[in-house]
Each structure stands twice: as structure tokens, then as C-alpha cells.
Novice: 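One structure, as C-alpha cells, below. Some questions next.
Counting convention: from 1, in listed order, for ligands and their atoms alike. Everything quoted here is computed from the prediction, not taken from an experiment.
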Amino acid sequence: MLSIVVGGFFGDEGKGKIVAYLGLADKPDIAVRCGAINAGHTVTYNGRKWKLRIVPSAFISKNTELLIAPGALVRLNVLFREVAETGTKGRLFLDKHTGIIELKHVEKEKADSFLAGKIGSTLQGVGAAMADRVLRKLRLAYEFHELKGMIKDVSDVINDVLDKGGDVIVEGTQGTFLSLYHGTYPYVTSRDTTASAFASEVGIGPKKVDEVIVVFKAFVTRVGSGPLEGELPFEEIVKRGWCEKATVTGRVRRAAPFNVELARKAVVLNSATQAAITKLDILFPEVEGATEWGKLPYKVRKWIEDIENAINTPVTLIGTGEDARHIIDRRRELGFLK
Ligand code: IMP
Ligand code: MG
């Protein structure tokens, strides 16, 4: 079975936590990371916290093979640092066509006042490397000696595992409305960030996709520039306890209440089969650490059910705290697991 996890808003919905949980709960044969190192995914588990920019968030599942998509872009120093921090040497592989971001790409973006000023880019060199890739000038993973022994044909490996009935989880990055095609252009990232794009980044055809899980946070956040409907003043964000700092850049995130219209559009753009909602404990502190749907107060269940009805999609996973295990998993009850 193949599942794709995508962000439903502007990134930072908590995809890392959801994918980490799915790793623990489902122990997939393979977890594959898409996107690039501008996307920070946070995993908290057993009192430890990892801020991952390239290692798949399901790495905490010890027997899961970890892959980096051919459509992904990596910086070697970030990769090697994270592989060491996560102890994943020997079970993490890149595709031969994974793109490599070099120092010149970072320098190019840092000198670009449009990206730094107007767009509020993370300036990690991703867009510049992407542009080089389109121009056929980017160097790919197989050209780097340092990566010897870490290269596989990711598409082949995944399609073989699927043919044998195995489980694969595809970890998308950023959020639907940061998509180069479907987002709030020009305030977007340098790739399409919908489920179809991640299937393509990995090298799997649309008919091989079984589940698309779109991840929302209980409120909407955005870093960098661009429209944010219902944006709250900073004092109000602090008062509500919604103040967050960006994983990669350390910038303070803008925030707004949950946006049902955006969520509905994200469900359509991704053909989502399930939704996840994270940080429910920030809206309702009394649910912190809860793992059972039936034990949630009525008003909290109602809040979720109203969203389910509005987006016409079951909310199968609900985050109630930082740790990867702080999840209400309704997949069995709702018929998604046998
Ligand atoms: P860039 O893709 O790094 O050039 O950034 C373009 C825009 O997308 C900026 O507003 C960034 O803050 C935003 N962005 C890029 N990656 C992420 C992410 O992983 N999470 C949230 N925002 C992101
Ligand atoms: Mg993030």
C-alpha cells in the first residue's frame, strides 16, 4: 500500500509528526522524502527532538528503509549531519538523480533582493538549484564520490516493494498553497507541492497511490510573505499560544484561525482520502496527550466533526501533543485499516 502525506495549508502543519507516527504504527517497508532542505520537519520521540531537513521523518521506525526522491534536492553537508544525528547510516539511500544544491546556489539566492525581500525565501539555494535543473546544469547525486554506496534507483525499489504487497510512505513537503502551480504565486516555493507532484518526484504512477493524507494544523501559519486570510495581530497570536518559530530560518510564523475554505480546496487539489489535524492540544489544552477519540470532550469532537463535514473527508489522525505517539488514530474505526 502506498500513502502520500502532504501539507494542506502553507507548510508547518506537522507533517513530520504525522509521518513519524505512521512509521511507528505501520512500520512501512520504505519511507521516502520529497522536496528539499528548505522544509523543516520536526520529530519528537522519547524525550528527543530532531529538526529534519532531509532525512525521512519515519526514521524512528528502525527497520524502515529510508529513501530520498529523484525529484528532491539535497545539500551534502546537511545530509551527512542529519544522517549522523539520526544514526541512519547504512539504511538511507538517494536516487541517482537526486539534485545536489551547491554553495553557489545559496550565494545566488542571498544576493537576490527579490527572493530575500519580496518573497521572504528561506534562501537555502533550492530555487536557484531548481532553475539550474530546468536549464540542465544541475549536478545530480551519481556525480558525487561522497555518495558512493548510498545510491539506488528509488522508483525501481518502491515499485518492486509495492508489487510484493509492501507498504510505502511518501513524505511531501511545504503545503498546498505554497505550490508553484496552485499556491499564492509569486509567494510560493519552487516546486509543485501537491500529492500528484510528490508521486512524480518519487517515480510512481497515479494508479499506484492508495491513500492521500492531507495534514492541517488546528490553526493556519505562514512564514515569509504572501496573503494570509484572517491573519491575527502578533499580540493576539501570543495571547492564544499560537506563536511558533520556523524550523529552518527561526523566523516567527504569522497565524490565523483554521480556514475551512482553504482546507476544502486542499482536499480537492490533492484528492485527499483522509485528513490529519495536528496541535489540537493548542486549541483545547484539556486534550493534551489524548489517544482515544471517545475520551475527547463533546465540544472538541464537534469541532472536528464540523470540519469533516465541511471538507467532506474523514479526519483519521489527530495530534494531541508533541511526541510522535500523542495521536488519536481513528483509521481502524473509520474503516481505513483491516
Ligand atoms: P523558498 O522556497 O525557500 O524560496 O521560500 C519561498 C516561500 O516559501 C517563503 O515564503 C518561505 O517561507 C516558504 N517556505 C519554503 N519552504 C517552507 C517550508 O518548509 N515551510 C513553510 N514555508 C516554507
Ligand atoms: Mg516546517
Side-chain angles (χ1 to χ4, degrees), residues 5-20 33-44 49-57 71-75 78 82 99 101 105-134 171-194 197-198 201 214-217 219-228 231 242-256 262 266 276 278-279 319 322:
V5 177
V6 291
F9 290 142
F10 299 95
D12 310 312
E13 300 92 352
K15 290 175 293 297
K17 182 221 165 76
I18 295 294
V19 172
R33 172 68 141 81
C34 301
I37 53 155
N38 48 352
H41 290 184
T42 304
V43 174
T44 308
K49 190 185 257 194
W50 294 268
K51 290 175 182 284
L52 305 169
R53 295 169 58 184
I54 197 61
V55 168
S57 298
L73 296 174
V74 170
R75 244 194 116 184
V78 174
E82 273 183 25
I101 301 169
H105 299 116
V106 180
E107 283 170 352
K108 202 167 182 186
E109 290 198 348
K110 284 194 172 146
D112 185 328
S113 59
F114 175 77
L115 279 183
K118 179 163 173 166
I119 302 299
S121 167
T122 61
L123 303 176
Q124 298 301 308
V126 180
M130 216 48 188
D132 267 359
R133 185 160 196 160
V134 172
E171 181 173 3
T173 56
Q174 284 108 5
T176 298
F177 300 101
L178 288 177
S179 162
L180 184 58
Y181 305 149
H182 308 290
T184 54
Y185 188 90
Y187 305 102
V188 294
T189 192
S190 47
R191 68 182 64 236
D192 182 14
T193 54
T194 59
F198 293 125
E201 275 190 29
V214 61
V215 183
F216 302 111
K217 191 157 57 185
F219 48 99
V220 185
T221 59
R222 175 161 207 168
V223 268
S225 319
L228 177 59
E231 181 168 4
W242 295 2
C243 192
E244 297 181 348
K245 263 193 188 163
T247 314
V248 175
T249 57
R251 292 179 290 183
V252 171
R253 291 179 185 151
R254 302 154 63 198
L262 280 185
T278 63
K279 293 210 172 186
E322 264 196 73

Novice: Within the structure provided, determine whether Val248 and Asn38 are in side-chain contact (heavy-atom separation under 4.5 Å).
Specialist: no
Novice: In terms of residue, atom name and distance, what is the protein heavy atom nearest to atom 21 (C) of ligand 1?
Specialist: Asp12 OD2, 3.1 Å
Novice: With a 4.0 Å cut-off on heavy atoms, is Gly120 touching ligand 1?
Specialist: yes
Novice: Is the shortest N/O to N/O distance between Glu109 and ligand 1 below 3.5 Å?
Specialist: no
Novice: Under 4.0 Å, heavy-atom basis, I'd like to know which part of Tyr187 is in contact with ligand 1: side chain, backbone, both or neither.
Specialist: neither
Novice: Heavy atoms only: give me the nearest Pro186-Ile119 pair and the separation to one decimal.
Specialist: O-CD1, 3.2 Å
Novice: Using 2.8 Å as the cut-off, note every protein N, O or S atom close to the Mg ion (ligand 2).
Specialist: Asp12 OD1, Gly40 O
Novice: Can Arg222 be said to touch ligand 1, with heavy atoms closer than 4.0 Å?
Specialist: no
Novice: Not counting sequence neighbours, which residues clear ring-ring contact (aromatic ring centres under 6.0 Å, His included) with Phe198? List them please.
Specialist: none
Novice: Search all heavy atoms of Val223 against all heavy atoms of Ala246 and return the closest pair with its distance.
Specialist: CG1-CB, 3.7 Å
Novice: State the atoms of ligand 1, each with its element, that fall below the 4.0 Å cut-off from a heavy-atom position in Phe10.
Specialist: 21 (C), 22 (N)
Novice: Can you find a non-hydrogen atom of Thr247 under 4.0 Å from ligand 1?
Specialist: no
Novice: Does the pair Lys217/Glu244 count as a salt bridge with the N-to-O cut at 4.0 Å?
Specialist: yes
Novice: Measuring from atom 1 (P) of ligand 1, which candidate in Ser190, Ser121, Ala116, Ala39 has the nearest non-hydrogen atom?
Specialist: Ser121
Novice: Leu178 near ligand 1, heavy-atom distance under 4.0 Å?
Specialist: yes
Novice: Which is closest to atom 17 (C) of ligand 1 by heavy-atom distance: Gln174, Arg191, Arg253?
Specialist: Gln174
Novice: Between atom OG of Ser190 and atom CZ of Arg133, what is the distance when rounded to the nearest 0.5 Å?
Specialist: 12.0 Å
Novice: Return the closest protein heavy atom for atom 2 (O) of ligand 1 as residue, atom name and distance.
Specialist: Thr189 OG1, 2.6 Å
Novice: Within a reach of under 6.0 Å around CD of Glu322, are more than 12 heavy atoms found that belong to other residues, nucleotides or ligands?
Specialist: no
Novice: Can you name the nearest heavy-atom pair linking Gly16 to His41, along with the distance?
Specialist: CA-CB, 3.9 Å
Novice: Phe219 vs Trp242 aromatic rings, parallel, tilted or perpendicular, using cut-offs 30° and 60°?
Specialist: parallel
Novice: What is the closest protein heavy atom to atom 7 (C) of ligand 1, and at what distance does it sit?
Specialist: Val188 O, 3.8 Å
Novice: Under 4.5 Å between any side-chain heavy atoms of Thr221 and Lys279, yes or no?
Specialist: no
Novice: Which residue and atom name correspond to the protein heavy atom nearest atom 10 (O) of ligand 1, and how close is it?
Specialist: Val223 O, 3.2 Å
Novice: Please report the interatomic distance CZ(Phe177) to CG(Leu262), rounded to the nearest 0.5 Å.
Specialist: 4.5 Å
Novice: Which pair of non-hydrogen atoms, one from Lys15 and one from Val6, has the smallest distance, and what is that distance?
Specialist: CD-C, 3.8 Å
Novice: Select one of side chain, backbone, both or neither to describe which atoms of Thr173 lie under 4.0 Å from any atom of ligand 1, heavy atoms only.
Specialist: neither
Novice: Could you check whether any heavy atom of Leu115 sits closer than 4.0 Å to an atom of ligand 1, since that is the contact criterion I want to use?
Specialist: no
Novice: Assess whether side chain to side chain contact (heavy atoms under 4.5 Å, CB included) is satisfied between Arg253 and Thr247, documenting all intermediate values.
Specialist: CA-CA 10 Å; Arg253 291 179 185 151; Thr247 314; 3.4 Å; yes
Novice: Would you please determine whether Gln124 falls within less than 4.0 Å of ligand 1 on a heavy-atom basis?
Specialist: no
Novice: Does either side chain, that of Thr184 or that of Arg222, offer a donor lying less than 3.5 Å from an acceptor on the other one?
Specialist: yes
Novice: Considering only heavy atoms of Arg251, which atoms of ligand 1 have at least one such atom less than 4.0 Å away?
Specialist: 11 (C), 12 (O)
Novice: Starting from atom 3 (O) of ligand 1, which protein heavy atom do you reach first, and at what distance in Å?
Specialist: Thr122 OG1, 2.5 Å
Novice: Taking all non-hydrogen atoms of both residues, which atom of Ala266 and which atom of Gly8 are closest, and how far apart?
Specialist: CB-O, 3.4 Å
Novice: When you measure from the heavy atoms of Ile119 to every atom of ligand 1, does any distance fall below 4.0 Å?
Specialist: yes
